[in-house]
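Written out below as structure tokens is the structure these notes cover.
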Amino acid sequence: MINKSYLNKELKSPFDYLRAQQDIERGEYKDLKPLNIAYMSTYTAKILEPYIFTEMAKRGYKPSLYFPEFNNFEQEILNKESLLYLSEPDILIIHFRIEDIDENLSNNFSIFSELELKDKQIKILSRVKSIMEMLSEGFDGNVIIYNFAFTECLSISISDPMLPYPHERFISELNYKLIAICKKIASCQIFDYFQTVNFVGISNWVDLKMLHLARIPFSVDSQITISKVLSKTIVASREAPCKCLVLDLDNTLWGGILGEDGVTGIQFGNDYPGSAFKRFQQSVLELYNQGVLLAISSKNDEKIVKDAFSKRNDFIININHFSALKINWKNKADNIIEISKELNIGLNSIVFFDDSNYERGLVREMLPDVNVVDVPENFIDYPAALASQEFFDYLFLTDEDKKRNNYYNSDKHRSRLSKTVKSIDDFLANLQMKVVIGEANEATISRISQLTLKTNQFSTTTRRHTIADIEKMIKDDAIVSWLSVEDIYGDSGIIGVAIATKKEVSNWYIDTFLLSCRALGRKLEVVLLNNLLEKIKLKQGELVFGEYIESEKNNQVSLFYDDNGFDKVSDNFWKKELNSWVPNLPNFIELRVL
Amino acid sequence: MKTENEKILYSIIATVLNVPISIIDDNTSPDSIETWDSLTHLKLVMAIESEYKINLSPEDTMDMLSVKLIKIILEQYL
């Protein structure tokens with residue numbers, strides 16, 4: 001599995017890579033697995049060393065790299081005493097660059113006849129074939145061979161497509177035949193150099209100065225790109241891919257918040273911004289089709305979500321694509337543990353994708369084995385972020401892989417987990433939450449009103465209050481409190497409101513108690529409720545009543561008063577006597593009361 | 001070259017040559033440092049080009065064979 005903790009920052013320049021390599025060699029990163037790699041090529045490849053070294057380290061390996069003199073394939077392979085064998089490579093990388101084998105094969109293909117080109121093709125392939133045969137006799141590591149890319153060209157040829165044997169066909173037939181040669185050797189894989197060059201663009205691939213001065217056929221950026229993709233390929237050749245993608249829903253699988261915006265209000269479709277989420281669902285389906293199990297972990301109402309999936313038949317992903325559903329208000333780490341038990345897979349086989357950096361932080365902290373995708377700021381980049389993660393990389397797909405989803409969907413397995421997991425309180429403590437509670441004033445009253453108007457999910461009564469309503473309640477001696485929170489992820493501002501009104505001499509009633517949905521699961525409601533009860537007690541209140549008014553969206557607070565030590569008096573009412581009550585605050589929250 | 005800029009350049013050179021920064025001075029050259037071979041020289045050129053976002057001419061690339069020469073050549077590009 002990919003080692004996430006190493007060298008997470010992006011390296012861009014040769015200097016960055018050299019420094020990183022020196023840090024790694026000094027042993028600043030522990031637990032890297034040793035791996036011997038030999039790299040044979042038709043050009044000077046040693047310049048790639050710092051890049052391959054560092055990109056492999058990012059993926060959990062500490063390679064020893066050996067670069068024989070260029071173009072020395074046969075000598076090194078046939079001589080069993082050669083440095084190649086002495087370096088005991090686990091992986092042997094082979095790159096035949098067409099331009100090096102036949103210098104006439106760059107630029108212009110129109111100078112050759114079809115027959116001549118086919119002859120050249122045979123020559124290239126027979127050399128590859130004979131080397132592979134030599135290797136299959138004496139070498140027991142894995143072989144990774146570059147396929148062929150379009151050759152260097154100084155300009156765009158406009159006549160190539162109509163040639164009897166175009167450049168494009170020359171290369172694709174070479175690649176097709178290369179596969180046949182490689183298939184004969186079990187431990188041989190292909191590095192898709194063709195696509196790697198295309199992705200960057202051939203005109204940026206070569207730095208002509210370095211090519212002429214030193215026969216280095218790659219620009220610095222190409223060296224970095226090759227090393228990344230090559231390292232991906234090497235790791236995929238040695239490690240099993242992850243098995244399950246756990247997805248958030250709101251602002252991930254669609255835009256907006258289902259509980260607030262409703263089935264038709266969420267963003268999904270052919271136009272921006274819904275088109276970005278459609279593309280994301282397509283990327284998810286691609287993973288599903290290659291056998292990746294899908295699961296949901298979402299803070300939502302299960303009924304509303306299922307209803308949305310059944311009504312939105314324009315979705316690419318439907319509810320049956322998922323092997324596990326955890327749609328509830330529990331913390332996501334607990335949900336992921338449940339998913340891993342249900343599907344009988346290890347936590348290190350799970351990949352988590354969530355737009356909220358709070359949720360990602362929680363999962364990273366509590367379940368360090370789970371692979372958390374670094375989700376970019378802008379949702380337009382989500383599909384690319386999902387596509388470029390490497391956790392599901394594979395080189396071969398078996399029929400079993402493709403069928404895995406049927407198996408899981410029909411027969412869900414359970415198993416016990418032995419992993420130790422940190423408690424949620426430990427995680428919350430690390431957030432270093434600083435909570436401020438204050439009472440409504442001119443500066444805060446509009447935000448308080450706005451929260452009562454907008455909040456649907458964590459709201460005991462869902463009462464809507466205008467600014468004027470609130471002003472009137474304050475005049476009638478009500479307590480109107482707000483709560484704001486700041487943590488290591490930033491300042492969330494005011495996200496909670498509690499309003500209590502005085503009924504009789506010492507009886508109080510909690511008119512409104514709400515938290516914005518981005519603040520859930522952090523025990524902030526406990527802090528706010530404790531503070532409210534304290535304030536009521538200070539005003540000589542003795543009995544407090546709480547009410548739950550059911551709406552379509554606030555099911556998650558139906559047990560709020562039970563959970564917080566109130567006694568049920570009727571279907572929708574609870575009471576709390578304050579005489580014997582003492583506040584009980586979570587000790588990991590720093591509270592300031594204004 | 002200002003001391004501050006010199007420090008940055010020296011840190012690039014020391015990192016590429018994989019030697020302590022303290023031993024770098026104007027006279028440092030392939031003759032005085034064993035690790036400064038032809039491959040390292042190319043790495044050095046690429047590192048300098050990338051850090052300073054410049055494109056050295058092939059002649060300058062071959063000529064910058066001491067720290068003093070690197071400074072003189074670099075001044076022309078900055």
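All values below were derived from every heavy atom in this structure, side-chain atoms included, with hydrogens, water molecules and symmetry-related copies excluded. A, B, ... follow the sequence lines: proteins, then strands. Residue 1 opens every chain. Nothing here was measured: the structure is a model prediction, and the numbers come from that model.
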Do other residues, nucleotides or ligands put more than 12 heavy atoms under 6.0 Å from the [atom1] atom of [X]?
| X | atom1 | answer |
| --- | --- | --- |
| Ile156(A) | CD1 | no |
| Glu25(A) | CD | yes |
| Lys80(A) | NZ | yes |
| Glu69(A) | CD | no |
| Arg127(A) | CZ | yes |
| Gln76(B) | CD | yes |
| Ile158(A) | CD1 | no |

Would you mind checking which part of Gln223(A) comes under 4.5 Å of any heavy atom in chain B, side chain (CB onward), backbone (N, CA, C, O), both or neither?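 Just its side chain gets close to chain B.
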Are any non-hydrogen side-chain atoms of [X] and [Y] less than 4.5 angstrom apart?
| X | Y | result |
| --- | --- | --- |
| Glu51(B) | Ser13(A) | yes |
| Asp207(A) | Met46(B) | no |
| Leu39(B) | Glu49(A) | no |
| Asn55(B) | Lys209(A) | yes |

Looking at Ile216(A), Val220(A), Leu213(A), Asp16(A), which one has more heavy-atom pairs under 4.5 Å with chain B than the rest?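 It is Leu213(A).
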Which pair of non-hydrogen atoms, one from Phe15(A) and one from Ile12(B), has the smallest distance, and what is that distance?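 Here Phe15(A) and Ile12(B) meet closest at CE1-CA, 3.5 Å.
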Inter-residue atom distance Thr40(B).OG1 - Lys46(A).NZ, 0.5 Å rounding: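 The distance works out to 8.0 Å.
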Separation between CG of Asn18(B) and CD of Gln22(A), rounded to the nearest 0.5 Å: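 Answer rounded to 0.5 Å: 4.0 Å.
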Which atoms of Ser57(B) come close to chain A, meaning under 4.5 Å heavy atom to heavy atom: side chain ones, backbone ones, both, or neither?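 Answer is backbone: N, CA, C or O of Ser57(B) sit under 4.5 Å from chain A.
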Which answer fits Leu56(B), side chain, backbone, both or neither, if we ask what part of it has an atom under 4.5 Å from a heavy atom of chain A?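 Leu56(B) touches chain A through backbone and side-chain heavy atoms alike.
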